[in-house]
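Note sheet for the following structure.
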Amino acid sequence: MEFLQNELDELKRKKICRLLETVACSGPARIRAAGDRLLDFSSNNYLGLTAHPRVLRESALAIRRWGTGSGASRLLSGNLKIHEDLEAKIAAFKGEEAAAVFSSGYMAALGAVTSLVGEKDAVLVDRLNHASLIDAARLSRAKFWVYPHRDAAALDDLLGRAKGYRRRLVVTDSYFSMDGDIAPLGRIAEVCRRRGALLMVDEAHATGVFGKRGSGLTEHFGLTGTIDVVMGTLSKALASVGGYVAGKAVLKRYLVTRSRQFIYTTAPSPAASGAAYGAIGVIEKHPEIRERYWEKIRRTRGSLEALGFDLMDSEGPVVPVLIGDTARAVRAAAFLRRHGIFAPAIRPPTVPNRTDRIRLSLTAAHTEEDLGRLIAALQKMRKRL
Ligand SMILES: Cc1ncc(COP(=O)(O)O)c(C=O)c1O
């Protein structure tokens, strides 16, 4: 097993070796790690709902009713009422006919793509799609095509060339979590319609954040109910763990009977399903949480831009601060940490070479004072780098 250590040493030398750190939550948007008290700008808990009283209550209620584990897969005795209630809630929230929940967003991606396409098909992915979508495409054994990031014209061209397949499936994130930019879903949907391709959109980072009702970017673009496959995760704004695939009722029926990731795994835990159910309820009932959140996002972005930071082509709660070099990005993250800010350096291979960055994730739980501290620390960091 010597090769393992050799490889790890090499990664360490290149400063891309990853390490786990024990983290304790010590309040809204606050963590403790290795004795440091830090403001957390790395979390995907966008709306800060992981500690919301209704979410806690629904999760606890689900444990009391159904216990701590589901005990079996959905097709055996694990199909609890909380799963069905959650699926109905997700479908209504997303404006789709039906939804199927999975034990994670990663599994939802694998489940949808590998059920829909196989060897005789082609799958076309955005170059910067999340790893789960890339892995799903590879696992499906469909012919793998990559189109340039957010480039609907190039996709159109590629679909024109990708002929002779039984099915062609286009897969894109709606909100890209490392770049904080948005796929041109209207144009992509139009291209897919015209070219007769299926479209799958991953709303992992958009659900609960974008759209008038907060249901995501499909809503924002007026595409509700028109995309073939809409997937997402319960683990970000929905304050839980799990994933979903939503669309027509026939899609759900198909996944239930065909998706190995749905069939051969234990049903999601009642606590997780209850929490996500509660979080959607909060989002539906309290639009003011999102409105205040967006105000903070706009103000923080405005301040950073005025100070001359390169925020790339981003919008919304994910704010990449471009550094462009791995060693400098690591130093920048360490500097911020010494100043009480947890904002990790994102490096290759997670992002393309020379686009190393500090990734800030703004949440509704950050106070004005927190955001002021962040901006002051970034200013100091720039002077020291
Ligand atoms: C775009 C995207 N899709 C899918 C996933 C996977 O979701 P999960 O963490 O629930 O497995 C993530 C994040 O983790 C993501 O960012």
Side-chain angles (χ1 to χ4, degrees), residues 47 49 54-55 58-59 62 66 70 74-75 78-113 115-116 171 174-175 185 189 198-259 261-263 267-270 272-287 290:
L47 297 175
L49 296 185
R54 178 164 172 192
V55 178
E58 295 279 3
S59 184
W66 293 288
S70 301
R74 294 282 299 277
L75 288 169
N79 187 38
L80 307 175
K81 185 163 182 300
I82 186 63
H83 300 130
E84 295 191 341
D85 288 350
L86 175 60
E87 288 176 338
K89 190 101 176 146
I90 292 169
F93 180 52
K94 295 294 292 177
E96 301 291 342
E97 282 180 19
V101 294
F102 289 74
S103 47
S104 71
Y106 194 110
M107 285 298 152
L110 296 191
V113 175
S115 304
L116 292 172
V171 182
S174 60
Y175 186 53
L185 289 184
L198 295 167
L199 175 59
M200 170 166 155
V201 173
D202 182 352
E203 291 261 75
H205 291 264
T207 305
V209 175
F210 290 91
K212 233 185 169 57
R213 293 187 307 104
S215 81
L217 279 163
T218 49
E219 179 201 339
H220 170 84
F221 282 104
L223 295 168
T224 302
T226 71
I227 307 286
D228 300 297
V229 186
V230 178
M231 68 151 281
T233 173
L234 310 179
S235 65
K236 304 189 192 299
L238 301 188
S240 184
V241 167
Y244 67 84
V245 178
K248 297 278 181 266
V250 67
L251 173 68
K252 175 178 179 177
R253 286 200 298 274
Y254 189 79
L255 292 173
V256 167
T257 199
R258 295 294 289 165
S259 165
Q261 291 77 8
F262 184 91
I263 299 167
S269 79
S273 299
Y277 184 89
I280 297 174
V282 173
I283 293 166
E284 287 173 331
K285 194 156 175 222
H286 296 287
R290 242 181 15 267

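As the structure is a computational prediction, the values presented were derived from the model and not from experiment.
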Handout entry: salt bridge (Lys or Arg N to Asp or Glu O under 4.0 Å) partners for E97, two or more places apart
Key = none
Problem - Expected output: side-chain S115 to main-chain G111 donor-acceptor under 3.5 Å - result: yes
Problem - F102-Y244 aromatic ring centre distance below 6.0 Å - result: no
Handout entry: E219: salt bridge (Lys or Arg N to Asp or Glu O under 4.0 Å) partners, not counting sequence neighbours
Key = none
Practice task
Please confirm whether the backbone N or O of Y254 pairs with a side-chain atom of T257, one donor and one acceptor, at under 3.5 Å?
Solution key: no
Problem - side-chain hydrogen bond (donor to acceptor under 3.5 Å, both in side chains) partners of K248, counting only residues at least two apart - result: none
Handout entry: Side chains of Y106 and Q261 in contact at under 4.5 Å (non-hydrogen atoms)
Key = no
Handout entry: CZ-OG distance between R74 and S103, expressed to the nearest 0.5 angstrom
Key = 11.0 Å
Problem - Presence of salt bridge, K89 and E84, under 4.0 angstrom - result: no
Handout entry: Results of side-chain hydrogen bond (donor to acceptor under 3.5 Å, both in side chains) for S240 - residues two or more places apart only
Key = none
Practice task
Mark yes or no for whether K94, through its side chain, and S215, through its backbone, hold a donor-acceptor pair below 3.5 Å.
Solution key: yes
Handout entry: Sidechain-backbone polar pair: H83 side chain, G78 backbone, donor-acceptor under 3.5 Å
Key = yes
Practice task
Check whether any side-chain heavy atom of S174 sits under 4.5 Å from a side-chain heavy atom of L185, and report yes or no.
Solution key: yes
Problem - D202 side chain reached by Y175 side chain, heavy atoms, under 4.5 Å - result: no
Handout entry: Partner set under salt bridge (Lys or Arg N to Asp or Glu O under 4.0 Å) for R290, not counting sequence neighbours
Key = none
Handout entry: T218: side-chain hydrogen bond (donor to acceptor under 3.5 Å, both in side chains) partners, not counting sequence neighbours
Key = E203
